[in-house]
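To find a chain, count down the sequence lines: A is the first, B the second, and so on, and within it residues start at 1.
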There are 2 protein chains.
Amino acid sequence: MSSQQARTTARLREMIWNGAFAPGERITESALASALGVSRTPVRVALSLLEQEGLVSGTPNRGFRVEAYSVDDISDAIDVRGTLEGMAARLVAEKGLPRHTAMELRRCLEIGDRIIQKKLVTGDDASDYGEMNERFHCAIVEASGNKALENGLDLTHKLPFVSPQTVAIHESIDTKRQMTVAQTQHWLIVEALENGEGARAEALMREHANVSKQALNVIGASIESGEHPMPPSLRIVTA
Amino acid sequence: MSSQQARTTARLREMIWNGAFAPGERITESALASALGVSRTPVRVALSLLEQEGLVSGTPNRGFRVEAYSVDDISDAIDVRGTLEGMAARLVAEKGLPRHTAMELRRCLEIGDRIIQKKLVTGDDASDYGEMNERFHCAIVEASGNKALENGLDLTHKLPFVSPQTVAIHESIDTKRQMTVAQTQHWLIVEALENGEGARAEALMREHANVSKQALNVIGASIESGEHPMPPSLRIVTA
DNA sequence: AGAAAATATATTGTATACAATGTCATCAGG
DNA sequence: CCTGATGACATTGTATACAATATATTTTCT
């Protein structure tokens, strides 16, 4: 893939992530092309690729529109993510936790603790929690050594709402509690990994995803009831 | 996606599946374009899409080559597939097996029994077993009602070696035993689904995948030792 | 003759032109 | 006033031409 192709795809993906389009909004190739300062050619393949990623959907001769999701769709995706990461955790525990992965995970735990401490005191936003969370999960998946697994998860990663940082960053009703629970689970997961408890690690990781799902439901409900506005990065439509 | 785009992508995918290219062989756009009787444009996006599917890999300004796999790669993919289908089976068992799915599964069981009977008697090839197997697995995944799961599995489906029919069709050392074991497992899985035993259904499905992995290893060993030639549809390179 | 530079060739990457298709508004007929 | 056809417009789909980049070959100098 060429430099421009790749850049265009990445930029468009980013735009969709950041809510540059309304859910279901139509994307015309020429408009997007001129907006990005490139020709239609790279835009076309970008759209095709993003279609496979599930960010847009196209119909023959009628172009593309950005995909809209129901809360259930997202919940399903989180389920898949949890299952795959659970598998990763089990593999890592069974094959033995590599030294550098163990250190990375410890580092993440520390960072998480610090962020939460600060958050509880100062109350400022904890957007760096998402970054740490991302590192935590990636480290485990990488350590699993299963390339297919990595690819599969990469795909769910491309869906913005499943991306851990998005879920974490999102201003949920009770971010503090969210983070505390997640952090506790991270500790338990590392414990299981270090002790080589495969089944437990898998179960914990699934439960970890379950918490995300619950948070999602709370968020979804609060959006549907109009209590909170829908952030543009979550392109949810109420089914 | 246009008609020609889609057709070109499908045709190329089919070609790779059928072993039209050697593992690692380079694909030049213009050659392929003229071979397919289309311009380079649709070929280009086809290649980009197939790259995301993992069938080819491209490097900037240097074009694409068809992907080659190690036995371990395939084993990993089967693992992922088993995990996801295990999840599907659990969901179906928990949510209750829909009427039409139950019938479809029963039908598959019957067909399978008949095929094996015939195979044991006449010894002719059982290529239609693969078709039945495909239907069986798809029915369960569909019944799970999880769209993300379906998409994820669709992706592993696109990798020919994981596709159940390929694994089944392949002339393994002991196809008869293979099929008998698989068929028995199908029976048990249906039983679990009908009884609403989620955990058992999941475990059975995983074990089902495990058997595929074992068969793969046997096949891989026999290929590596030169006992059997590598069928072109399995683009394995010995790491 | 061997190594480095320069040129030639092939292939990919991008833009544009044209064709095909779909969409929408206008207008005739009921 | 509504329904259905007709034509203008917009947008997508495909092909080709050109530019940029990599690879192979030849040339040149030591």
Side-chain angles (χ1 to χ4, degrees), chain A residues 1-16 19-68 154 158 235 237, chain B residues 1-16 19-68 154 158 235 237:
Chain A
M1 205 192 285
S2 111
S3 180
Q4 179 128 205
Q5 291 273 24
R7 260 211 329 266
T8 303
T9 308
R11 282 218 294 172
L12 181 53
R13 190 188 294 125
E14 204 81 20
M15 286 174 69
I16 297 179
F21 305 93
E25 179 178 344
R26 183 154 174 220
I27 296 184
T28 61
E29 297 176 0
S30 41
L32 186 56
S34 58
L36 296 180
V38 297
S39 98
R40 274 178 53 210
T41 313
V43 168
R44 249 184 106 60
V45 342
L47 283 168
S48 295
L49 290 177
L50 294 184
E51 181 179 26
Q52 258 195 351
E53 292 178 13
L55 285 179
V56 303
S57 75
T59 48
N61 292 319
R62 294 215 274 165
F64 296 86
R65 38 188 70 248
V66 312
E67 195 69 74
D154 259 7
K158 302 250 177 76
R235 296 181 307 293
V237 290
Chain B
M1 203 192 286
S2 110
S3 181
Q4 178 129 205
Q5 292 272 24
R7 260 211 331 265
T8 303
T9 307
R11 282 218 296 172
L12 181 52
R13 188 188 295 124
E14 204 81 21
M15 286 174 70
I16 296 178
F21 305 93
E25 179 178 345
R26 180 150 176 226
I27 297 183
T28 62
E29 297 177 358
S30 42
L32 185 57
S34 58
L36 297 180
V38 296
S39 97
R40 274 178 54 212
T41 312
V43 169
R44 252 183 102 61
V45 343
L47 284 168
S48 295
L49 290 176
L50 294 184
E51 181 179 27
Q52 259 196 348
E53 290 178 14
L55 286 178
V56 302
S57 75
T59 49
N61 293 319
R62 294 216 271 168
F64 296 86
R65 40 189 67 248
V66 313
E67 196 68 76
D154 260 7
K158 303 248 177 76
R235 296 181 308 292
V237 290

Is B:Arg62 near enough to D:dT23 that one of its side-chain N or O atoms lies under 4.0 angstrom from OP1 or OP2? yes
Whole-Å distance between C:dT14 P and A:Leu32 CG? 15 Å
Give me, pair by pair, the N or O atoms of the protein and of nucleotides 15-18 of chain D that are less than 3.5 Å apart, along with how far apart they are.
residue : atom : partner : partner atom : Å
D:dA15  : OP2  : B:Ser39 : N            : 2.7
D:dA15  : OP2  : B:Ser39 : OG           : 3.1
D:dA15  : N7   : B:Thr41 : OG1          : 2.7

Set of residues satisfying side-chain hydrogen bond (donor to acceptor under 3.5 Å, both in side chains) with respect to B:Glu67, sequence neighbours excluded: none
With sequence neighbours excluded, residues passing salt bridge (charged side-chain N to carboxylate O under 4.0 Å, His left out) with B:Arg11: none
Could you give the CD-to-C1' distance, from A:Gln5 to D:dT21, as a whole number of Å? 15 Å
Given C:dG13, C:dT14, D:dT12, the nucleotide with the shortest approach to the side chain of A:Asn61: D:dT12
Under the side-chain hydrogen bond (donor to acceptor under 3.5 Å, both in side chains) test, residues paired with B:Arg62 that sit two or more places apart: none
Not counting sequence neighbours, which residues clear side chain to side chain contact (heavy atoms under 4.5 Å, CB included) with A:Ser39? List them please. A:Thr41, A:Pro42
Under the side chain to side chain contact (heavy atoms under 4.5 Å, CB included) rule, collect the residues that match up with A:Arg26, sequence neighbours excluded. A:Arg65
By the 4.0 Å heavy-atom rule, please label A:Ile27 as base, sugar-phosphate, or nothing. sugar-phosphate
Nearest heavy-atom approach of B:Val66 to B:Ala22 is CG2-O, 2.9 Å
Phosphate OP1/OP2 of D:dT12: any A:Arg44 side-chain N/O under 4.0 Å: no
Could you check how far CD of A:Glu29 sits from C1' of C:dT21, rounded to whole Å? 13 Å
